[in-house]
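Presented below is the structure to which this report refers.
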Amino acid sequence: MSTNINIYNAIKNEYDRRQKQARDELELRKKEVYARIPRIKDIEDEITRLGLRYNKMILHGLRDTGRVLHELSSSIERLKKEKERLLLEHGYKPGHLEMVYHCSKCCDTGIIKRDTGTEKCFCYKQLLIDYLYDQSNLVLAKTENFENFDETLYPDVVDEKRYGIKKSPRENILGIREKCMKFIENFDSPEEKNLFFCGPAGVGKTFMANCIAAEIMKVGKTVLYQTAPVLFDTITDYKMRAFKEEYYEDAAYKKIFDVELLIIDDLGTESQSSARYAELLNILNTRQINNLSRPCKTIISTNIEPDKLFEFYTERVESRIIGSFALYKFAGDDIRKIKKLGRNK
């Protein structure tokens with residue numbers, strides 16, 4: 001439990017840091033603007049003075065103040081427009097002297113206020129996952145995204161004997177990309193299937209998963225990326241601790257089942273055991289049930305072909321994957337080698 005307390009303290013400290021950074025950056029912008037346009041400082045001081053007077057009159061509920069309040073409101077509005085005009089004339093954007101938060105939805109508090117109460121912001125949920133899983137390995141999503149997708153890395157030749165598909169790797173990857181875009185578009189639909197990426201190493205399976213993760217996070221969804229060995233080690237650790245400690249709770253373990261998008265990379269590289277087969281089936285079944293009421297999608301990436309799954313896992317695991325996942329085979333040459341050769345040249 002102390003570990004979780006430390007994580008929550010770390011998140012609070014991170015929000016304090018973000019708020020301080022936003023304040024400090026605003027002060028620097030103000031200092032620069034005031035030096036160039038002294039009138040801006042006078043305008044802001046006047047707006048503050050009129051605002052205080054306006055609030056006092058509202059607070060005290062004085063009678064016959066309608067005309068005065070209207071004049072105060074008009075004066076404040078006039079000053080704001082003058083300030084905006086001066087900023088534009090000197091090459092600044094209208095909101096240049098406003099606070100810029102890391103998350104505009106919660107203003108770096110982690111809390112969003114609704115009419116029905118308060119709720120944790122998406123950024124808080126993602127921060128929690130990041131801390132629980134050592135930044136979630138999602139750093140790659142900053143560079144591995146659809147903006148950097150390059151189909152020219154895939155051969156534009158048909159060679160079924162070499163690539164194992166009846167079309168060119170380039171045509172194949174463009175088709176997969178289109179299907180992934182539809183997956184993102186229909187992410188909230190319970191009817192949208194999970195994704196199963198298979199193929200040899202170096203043909204872009206993890207890259208595509210990161211591309212999807214980047215897009216999903218942009219719309220405020222939580223994502224967790226883990227390799228299969230690390231994922232199953234987390235589960236094993238939880239089981240051992242929970243057995244020894246009667247009231248042991250582990251948010252990291254819970255997130256595996258609750259996160260909106262779970263990416264399991266390199267499935268098949270974990271230690272093989274019947275217990276792990278059961279854990280995988282439990283994850284897939286639980287997330288499939290959760291997905292009926294809210295987004296709870298899974299992406300699996302592996303070198304194992306769908307028709308070979310029964311050699312690694314139980315028939316029930318194979319059946320679950322084939323039944324609830326859209327299966328996509330990646331093909332081509334090792335992109336890492338291609339890029340390395342390109343750099344050497």
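In this chain, residues are counted from 1 in sequence order. This structure is a prediction, so every number in the text was calculated from the model and none was measured.
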Common cluster, [X]/[Y], ILVMFWY with side-chain heavy-atom separation under 4.5 Å:
X: Tyr15; Y: Ile112; answer: no
X: Val158; Y: Val203; answer: no
X: Tyr101; Y: Leu97; answer: no
X: Phe310; Y: Ile322; answer: no
X: Phe330; Y: Met181; answer: yes

Problem - Pi-cation contact, Tyr124 with Lys120 (under 6.0 Å, within 45°) - result: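 Yes, Lys120 and Tyr124 form such a contact.
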Handout entry: Thr206 side chain to Asp265 side chain, donor-acceptor N/O pair below 3.5 angstrom
Key =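 Yes, because at least one side-chain N or O of Thr206 sits under 3.5 Å from a partner of the opposite role on Asp265.
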Exercise for the section: Return yes if a side-chain donor-acceptor contact under 3.5 Å exists between Asp108 and Gln21, otherwise no. Expected result: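 Absent: no donor and acceptor within the cut-off.
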Exercise for the section: Among Ile264, Thr286, Ile235, Asn282, find the residue that satisfies the side-chain contact (heavy atoms from CB on, under 4.5 Å) test when tested with Ile256. Expected result: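 By the side-chain contact (heavy atoms from CB on, under 4.5 Å) criterion, Ile256 pairs with just one of Ile264, Thr286, Ile235, Asn282: Ile235.
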Exercise for the section: Apply the test salt bridge (Lys or Arg N to Asp or Glu O under 4.0 Å) to residues Asp334 and Lys339: give CA-CA distance (whole Å), side-chain angles for both, the deciding distance (0.1 Å), then the verdict. Expected result: CA-CA 9 Å; Asp334 193 324; Lys339 289 183 175 180; over 6 Å; no
Exercise for the section: May I have all residue pairs that pass ring-ring contact (aromatic ring centres under 6.0 Å, His included) and include part of residues 153-184, sequence neighbours excluded? Expected result: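 Residue pairs passing ring-ring contact (aromatic ring centres under 6.0 Å, His included), neighbours aside: Phe183-Phe187.
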Could you tell me whether the side chain of [X] and the main chain of [Y] form a donor-acceptor pair under 3.5 Å?
X: Asn194; Y: Phe325; value: no
X: Lys41; Y: Lys30; value: no
X: Glu25; Y: Val100; value: no
X: Arg287; Y: Lys297; value: yes
X: Asp266; Y: Ser301; value: no
X: Asn290; Y: Phe257; value: yes

Practice task
Would you sort out whether Tyr92 and Arg36 count as a side-chain hydrogen bond (donor to acceptor under 3.5 Å, both in side chains), showing the intermediate values?
Solution key: CA-CA 11 Å; Tyr92 297 106; Arg36 288 189 63 194; 3.0 Å; yes
Exercise for the section: Look at the aromatic rings of Phe197 and Tyr328 and report parallel, tilted or perpendicular, splitting at 30° and 60°. Expected result: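 Rings of Phe197 and Tyr328: tilted, 30 to 60°.
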Problem - Ring geometry between Tyr238 and Tyr253 (parallel below 30°, tilted from 30 to 60°, perpendicular above 60°) - result: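 Plane angle under 30°, so parallel.
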How about [X]: does its [atom1] atom have over 12 heavy atoms from other parts shown lying under 6.0 Å from it?
X: His96; atom1: NE2; answer: yes
X: Arg39; atom1: CZ; answer: yes
X: Glu315; atom1: CD; answer: no
X: Glu147; atom1: CD; answer: no
X: Arg53; atom1: CZ; answer: no

Exercise for the section: Check step by step if salt bridge (Lys or Arg N to Asp or Glu O under 4.0 Å) holds for Asp333 and Arg162. Expected result: CA-CA 10 Å; Asp333 299 320; Arg162 179 175 180 178; 3.0 Å; yes
Exercise for the section: Supply the atom-to-atom distance Thr222 OG1 to Asp258 CG, rounded to the nearest 0.5 angstrom. Expected result: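 Separation between the atoms: 9.0 Å.
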Exercise for the section: Mind checking the CG-CG spacing from Leu231 to Leu267? Nearest 0.5 Å is all I need. Expected result: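 It comes to 9.0 Å.
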Practice task
For salt bridge (Lys or Arg N to Asp or Glu O under 4.0 Å), just list the numbers for Glu14 and Arg17, CA-CA rounded to whole Å, side-chain angles, deciding distance to a tenth of an Å, and then say yes or no.
Solution key: CA-CA 5 Å; Glu14 173 60 17; Arg17 184 196 68 78; 2.8 Å; yes
Handout entry: Glu305 and Lys308: CA distance, side-chain angles, deciding distance, salt bridge (Lys or Arg N to Asp or Glu O under 4.0 Å) verdict
Key = CA-CA 5 Å; Glu305 300 287 337; Lys308 301 289 184 182; over 6 Å; no
Problem - Lys182 and Glu185 ion-paired at < 4.0 Å - result: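 No, no charged N to carboxylate O under 4.0 Å.
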